[in-house]
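First up is the structure itself, then whatever we jot down about it.
Computation of the quantities below employed the complete heavy-atom set of this structure, encompassing side-chain atoms and omitting hydrogens, waters and symmetry-equivalent molecules. Naming convention: chains lettered A, B, ... in sequence-line order (proteins, then strands); numbering from 1 in each chain.
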Protein chains: 2
Amino acid sequence: MDIENAKIPQATAKRLPLYYRFINNLHSQGKMRVSSKELSEAVKVDSATIRRDFSYFGALGKKGYGYNVEYLLSFFRKTLDQDETTSVALIGVGNLGTAFLNYNFMKNNNTKIEVAFDARDERIGQKVGGVPIKHIDDLEKHMEGISVAILTVPSSAAQGIADRLVEAGISGVLNFTPARITVPSSVRVHHIDLAVELQALVYFLKHYPLDEEEDSQ
Amino acid sequence: MDIENAKIPQATAKRLPLYYRFINNLHSQGKMRVSSKELSEAVKVDSATIRRDFSYFGALGKKGYGYNVEYLLSFFRKTLDQDETTSVALIGVGNLGTAFLNYNFMKNNNTKIEVAFDARDERIGQKVGGVPIKHIDDLEKHMEGISVAILTVPSSAAQGIADRLVEAGISGVLNFTPARITVPSSVRVHHIDLAVELQALVYFLKHYPLDEEEDSQ
DNA sequence: ACGAAAGTGTTAAAGCGTTCACAATCTCGT
DNA sequence: ACGAGATTGTGAACGCTTTAACACTTTCGT
């Protein structure tokens with residue numbers, strides 16, 4: 001099954017969760033069918049791109065009709081492995097970490113934050129968003145079955161914790177610290193740098209024509 | 001001056017804030033020179049890409065030597081308009097919003113969050129991270145001189161507030177809600193969807209070979 | 001039952017971004 | 001003052017992504 005999946009372009013793969021959520025919305029609104037044009041307006045992705053994306057999975061739609069919402073939904077559920085849950089740990093229960101814990105990921109997602117870690121004693125033993133908080137010193141004791149970590153710690157602590165996560169066998173890290181962490185090539189790291197995002201937006205505003213539009217990602 | 005700037009690829013523009021921060025770090029460490037190779041290891045961007053990026057601004061380095069940190073720094077300061085501050089409003093003082101307010105943006109940036117808005121009465125009048133909180137009903141009264149908005153509200157409120165921001169003359173929106181907002185083409189919107197980022201990371205882990213590495217953005 | 005309208009799936013082209021590879025240039029120790 | 005070593009800036013190749021465009025299929029109102 002991976003042979004087929006491996007052929008899907010990365011750009012497409014990044015849009016799948018987005019498609020899935022909107023199709024989910026349509027379904028709960030009771031909508032039965034949808035065209036690439038309609039979907040395009042909702043998710044702000046060119047309709048040709050949507051058709052192309054879908055076509056990597058075969059012929060999901062019908063010419064002259066569009067896509068059956070129910071069918072699309074069940075297809076995406078399978079494809080995104082919605083049934084098989086990925087266990088996630090969150091490191092650093094500050095404001096950003098708390099935001100994540102309170103976000104109801106299970107609603108549409110195949111991921112669950114099983115455990116959170118913090119360095120402050122007064123936090124230990126509490127639950128936030130239903131997730132128990134453990135002490136960062138005990139990281140290694142609670143990492144069984146965890147394959148992904150969300151890193152929302154001060155940037156000075158990032159590399160040290162990353163090293164421990166790698167040691168504990170992590171597969172992927174979502175890094176919200178400004179620090180660019182170094183890990184073995186077998187570990188996938190995605191950086192999301194809030195300050196950079198804001199600064200980049202400002203740069204675009206100042207230097208790019210203000211009347212033709214592309215979109216974020 | 002825009003004629004020159006408009007030629008810079010978007011991918012490059014997105015990396016500029018990142019470069020700027022690391023050059024800043026080097027400078028405060030007292031480093032006098034840096035090569036594209038060194039910088040590459042720090043920011044996790046291919047050294048050829050860095051040289052290419054820099055070359056869009058002319059010849060910033062010296063062959064056989066590298067780049068003078070001080071010169072690079074002053075150049076980037078100019079280029080990123082570090083001197084001219086952009087005023088930002090933050091809408092929605094939840095956990096995520098609070099994280100932003102406590103982030104010291106002025107440290108390295110040309111942006112300042114001047115005002116925050118929330119719908120909960122008990123929040124009004126407080127300050128978070130030095131930023132005063134106003135009631136969302138009074139949005140229009142406090143938007144003078146604000147050109148960018150950070151949207152950290154519940155997604156159900158996103159479009160309504162976006163409409164009001166547009167009415168108030170906003171230029172750019174950093175949208176953290178899962179909702180894809182609709183705005184005139186003269187307004188730039190960047191979406192950052194935390195759930196999608198996490199889900200995309202998981203998807204990559206499951207479906208892409210685990211031993212060759214690219215990087216986030 | 002037919003024909004116009006709708007809308008997919010895909011081929012082909014254009015656009016963008018990254019990376020290779022190396023000539024040109026500068027540095028620096030001796 | 002020289003030559004080995006370092007490192008840039010960039011032409012060219014490559015690969016990925018988007019977009020245009022349209023043949024083909026299905027729908028649906030009359």
Side-chain angles (χ1 to χ4, degrees), chain A residues 4-16 18-19 23 26 31-69 71-72 75 185 200 204 207-209 212-217, chain B residues 4 6-16 18-19 23 26 31-69 71-72 75 200 204 207-209 212-217:
Chain A
E4 203 75 337
N5 282 323
K7 301 199 124 216
I8 294 162
Q10 303 214 359
T12 297
K14 282 191 181 175
R15 283 187 290 266
L16 296 183
L18 187 64
Y19 294 148
I23 293 163
L26 292 177
K31 224 158 174 315
M32 304 298 285
R33 59 184 271 194
V34 65
S35 69
S36 61
K37 190 145 158 281
E38 280 177 284
L39 206 47
S40 168
E41 276 152 31
V43 301
K44 315 284 185 203
V45 171
D46 187 273
S47 67
T49 300
I50 292 178
R51 291 200 300 281
R52 159 89 56 209
D53 283 348
F54 285 8
S55 77
Y56 289 117
F57 299 98
L60 301 181
K62 272 205 197 114
K63 304 191 182 197
Y65 174 88
Y67 301 90
N68 179 290
V69 171
Y71 178 71
L72 263 193
F75 179 82
S185 67
F204 279 125
H207 297 286
Y208 285 78
E212 212 78 302
E213 187 71 339
E214 334 75 42
D215 231 311
S216 64
Q217 65 91 345
Chain B
E4 203 75 337
K7 300 198 130 234
I8 293 162
Q10 303 215 358
T12 297
K14 281 191 180 176
R15 283 187 292 264
L16 296 183
L18 187 63
Y19 294 148
I23 294 162
L26 292 177
K31 223 158 176 314
M32 304 297 285
R33 58 184 271 195
V34 66
S35 70
S36 61
K37 190 144 159 281
E38 281 177 284
L39 206 47
S40 168
E41 276 152 31
V43 301
K44 315 286 185 201
V45 171
D46 187 274
S47 67
T49 300
I50 292 178
R51 291 200 301 281
R52 164 87 55 201
D53 283 347
F54 285 8
S55 79
Y56 290 117
F57 299 99
L60 302 181
K62 274 206 196 112
K63 303 189 184 202
Y65 174 87
Y67 301 89
N68 178 290
V69 172
Y71 178 71
L72 262 194
F75 180 82
F204 279 124
H207 298 285
Y208 285 79
E212 212 78 302
E213 187 71 338
E214 334 78 39
D215 232 311
S216 65
Q217 62 92 341

Practice task
Could you pull out all residues at least two apart from Thr49(B) that satisfy side-chain hydrogen bond (donor to acceptor under 3.5 Å, both in side chains)?
Solution key: none
Exercise for the section: State, with a plain yes or no, whether a side-chain heavy atom of Tyr71(B) is found less than 4.5 Å away from one of Ile23(B). Expected result: no
Exercise for the section: Would you mind reporting whether Ile50(B) and Val43(B) have side-chain heavy atoms less than 4.5 Å apart? Expected result: yes
Practice task
Quick one: list whatever passes side-chain hydrogen bond (donor to acceptor under 3.5 Å, both in side chains) with Arg15(A), sequence neighbours left out.
Solution key: Tyr19(A), Asp53(A)
Practice task
Answer whether the closest heavy-atom distance between the side chains of Tyr56(A) and Leu16(A) falls below 4.5 Å.
Solution key: no
Problem - Between P of dG15(C) and NZ of Lys7(B), the distance in whole Å - result: 14 Å
Practice task
Sequence neighbours left out, what passes side chain to side chain contact (heavy atoms under 4.5 Å, CB included) with Ser55(A)? Give chain and number order.
Solution key: none
Handout entry: Gap between atom OG of Ser47(B) and atom CD of Glu41(B) - 0.5 Å precision
Key = 9.0 Å
Completion exercise
Bounded by its outermost nucleotides with an atom under 4.0 Å from a heavy atom of chain B, the footprint on DNA chain D reads dA6(D) to dA12(D)
Practice task
Would you jot down, in residue-number order, the residues of residues 35-42 of chain A having a non-hydrogen atom under 4.0 Å from DNA chain C?
Solution key: Ser35(A), Ser36(A)
Exercise for the section: For nucleotides 17-27 of chain C, just jot down a letter per nucleotide in 5' to 3' order: B, S or -, based on protein non-hydrogen atoms under 4.0 Å. Expected result: SSB-B--BBBS
Problem - Over all atoms of both residues, closest heavy-atom pair of Ser40(B) and Val45(B) - result: OG-O, 2.7 Å
Handout entry: Non-neighbouring partners of Lys37(B) that pass salt bridge (charged side-chain N to carboxylate O under 4.0 Å, His left out), sequence neighbours left out
Key = none
Practice task
Mind checking Tyr67(A) for me? I need base, sugar-phosphate or nothing, with any heavy atom below 4.0 Å counting as a touch.
Solution key: sugar-phosphate
Practice task
Applying salt bridge (charged side-chain N to carboxylate O under 4.0 Å, His left out), name anything that partners Lys62(B), two or more places apart in sequence or on another chain.
Solution key: none
